[in-house]
Amino acid sequence: MGKGPAASGQRGLRHARLLLRILKAGSVRVGKACHDRYVELSDSFEYCYAVVDDGLEVDWPPLDTDRRDGTWNFGLSELTSRFAGEWHDRTRLEVVRETAGSDDVGQTPGTAAALLLEDVTRLASRTVQPHWQGVPGADAARVLEQVVTRVDPDLGFRLFLRVLIALWMPLTAERYARFEALGKRFGHGKYLVSEIDQFIRSDL
């Protein structure tokens, strides 16, 4: 019988998958903490998230749109990113549905849709004056300022990041660090702001 870390890891993998099968077969409802632990194990054993999630009954906490700690982008800023460019052949409705259904790993089902709805509701309930034909820089800046001051600073910041990406805006390391700090203050996940780290330049 094999010994050492590799053999121990294989036994752990077999035990974890066996327990998952038992839980799923018996329709045993587990808490979110237990679910998250299995997700961590799935990363360690390098098997896909679906091995854990498919068929597992989870006692999810209620939807909470005040939490902004998903790993990636979300809400209206995520929707705008999916419309960027002309490389996809999906309809607008398909893109909206995909965005609304893109819950992050470990999020209560429906979180992505709830966050998107909240962004759209906030924006629709306030008066802003976009000029989308061509979107001159001054107009874009004015609209973003209106979103920040009249709608929601968090949404304004996320849309601001989308503008930086669309413009391929070069950044100093110091400015990027300030954006990272803002993202942390808003409670964003680690990969939301890092989408713009590709634009950091040392010669500015």
Side-chain angles (χ1 to χ4, degrees), residues 32-33 35-36 39-40 42-43 48-50 52-54 56 58-85 87-88 90-126 128 130 132 135 140 143-169 171 175-199:
K32 185 179 183 302
H35 168 273
D36 291 348
V39 171
E40 291 177 8
S42 73
D43 291 338
C48 68
Y49 171 63
V52 174
D53 194 58
D54 289 352
L56 184 64
V58 182
D59 187 15
W60 294 104
L63 287 170
D64 182 5
T65 55
D66 287 333
R67 292 183 64 93
R68 304 299 174 95
D69 54 356
T71 307
W72 304 98
N73 208 341
F74 60 90
L76 190 58
S77 53
E78 170 62 12
L79 179 62
T80 60
S81 74
R82 293 179 181 233
F83 279 110
W87 52 269
H88 59 76
R90 292 161 294 172
T91 67
R92 286 172 291 183
L93 182 57
E94 287 172 337
V95 174
V96 172
R97 284 176 173 168
E98 287 179 3
T99 305
S102 59
D103 296 321
D104 203 353
V105 172
Q107 284 186 327
T108 299
T111 294
L115 290 169
L116 178 59
L117 177 62
E118 178 157 296
D119 277 353
V120 172
T121 301
R122 285 177 174 174
L123 193 61
S125 65
R126 299 290 187 273
V128 295
W132 298 120
V135 195
V143 171
L144 288 172
E145 181 180 3
Q146 291 174 352
V147 173
V148 169
T149 58
R150 301 183 187 181
V151 182
D152 178 40
D154 171 60
L155 174 58
F157 177 64
R158 285 184 281 123
L159 292 177
F160 170 70
L161 294 179
R162 297 312 312 171
V163 170
L164 294 183
I165 293 171
L167 297 176
W168 288 70
M169 182 67 69
L171 302 169
R175 178 162 292 184
Y176 176 77
R178 290 199 293 270
F179 293 153
E180 270 194 317
L182 273 174
K184 290 179 180 178
R185 287 182 60 185
F186 286 125
H188 294 159
K190 61 180 179 179
Y191 293 127
L192 196 150
V193 175
S194 67
E195 288 187 85
I196 62 171
D197 65 4
Q198 60 186 308
F199 305 125

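Numbers here simply count residues along the sequence, with the first being 1.
Residues Leu116 and Val120 are in side-chain contact: their nearest non-hydrogen atoms beyond the backbone lie under 4.5 Å apart. For the pair Glu145 and Val148, the minimum side-chain heavy-atom distance is 4.5 Å or more. Residues Gln146 and Val151 are not in side-chain contact: their nearest non-hydrogen atoms beyond the backbone lie 4.5 Å or more apart. Ile165 places a side-chain heavy atom less than 4.5 Å from the side chain of Phe199. Contact check for Leu76 versus Leu79: side-chain heavy atoms found under the 4.5 Å cut-off. Side chains of Leu192 and Phe186 form no contact here, defined as non-hydrogen atoms less than 4.5 Å apart. Between Tyr176 and Ser194 the shortest side-chain heavy-atom distance falls below 4.5 Å.
Annotation for Ala100 and Ala112: closest pair O-CB, 3.5 Å, computed over non-hydrogen atoms. Taking both residues in full, the closest heavy atoms of Trp60 and Gly106 are given as CZ3-O, 3.4 Å, listed atom of the first, atom of the second, then distance.
In this structure, CZ on Arg175 lies 10.0 Å from CD1 on Ile196, to the nearest 0.5 angstrom. With values rounded to the nearest 0.5 angstrom, Arg82 atom CZ is found 10.5 Å from Thr80 atom OG1. Considering CG of Leu164 and CG of Leu171, their distance stands at 6.0 Å, rounded to 0.5 Å.
With sequence neighbours excluded, no residue forms a side chain to side chain donor-acceptor pair (under 3.5 Å) with Gln107. For Lys32, the side chain to side chain donor-acceptor pair (under 3.5 Å) partners at least two apart in sequence or on another chain are Asp36.
The closest donor-acceptor contact from the side chain of Thr108 to the backbone of Leu63 lies at 3.5 Å or more, if one exists at all.
No side-chain donor-acceptor contact under 3.5 Å links Asp103 and Thr111. No hydrogens or angles considered: nothing links the side chains of Thr99 and Glu78 as a donor-acceptor pair under 3.5 Å.
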Please list every donor-acceptor pair under 3.5 Å in which a side-chain atom of residues 152-163 meets a protein atom from a residue at least two apart or in another chain.
{"unit_1": "Asp152", "atom_1": "OD1", "unit_2": "Arg122", "atom_2": "NH1", "d": "3.4"}
{"unit_1": "Asp152", "atom_1": "OD2", "unit_2": "Arg122", "atom_2": "NH1", "d": "2.9"}
{"unit_1": "Asp152", "atom_1": "OD2", "unit_2": "Leu155", "atom_2": "N", "d": "3.1"}
{"unit_1": "Asp154", "atom_1": "OD1", "unit_2": "His188", "atom_2": "NE2", "d": "2.4"}
{"unit_1": "Asp154", "atom_1": "OD2", "unit_2": "Arg68", "atom_2": "NH1", "d": "2.2"}
{"unit_1": "Asp154", "atom_1": "OD2", "unit_2": "Arg158", "atom_2": "NE", "d": "3.2"}
{"unit_1": "Asp154", "atom_1": "OD2", "unit_2": "Arg158", "atom_2": "NH2", "d": "3.1"}
{"unit_1": "Arg158", "atom_1": "NH1", "unit_2": "Phe74", "atom_2": "O", "d": "2.9"}
{"unit_1": "Arg158", "atom_1": "NH1", "unit_2": "Ser77", "atom_2": "OG", "d": "3.0"}
{"unit_1": "Arg158", "atom_1": "NH1", "unit_2": "Asp119", "atom_2": "OD2", "d": "3.0"}
{"unit_1": "Arg158", "atom_1": "NH2", "unit_2": "Asp119", "atom_2": "OD1", "d": "3.0"}
{"unit_1": "Arg158", "atom_1": "NH2", "unit_2": "Asp119", "atom_2": "OD2", "d": "3.0"}
{"unit_1": "Arg162", "atom_1": "NH1", "unit_2": "Glu195", "atom_2": "OE1", "d": "3.3"}

- Message: Let's go through Glu118 and Thr121 carefully: what are the C-alpha distance in whole Å and the side-chain angles of both, what is the deciding distance for side chain to side chain contact (heavy atoms under 4.5 Å, CB included) to 0.1 Å, and is it a yes or a no?
- Response: CA-CA 5 Å; Glu118 178 157 296; Thr121 301; 5.7 Å; no
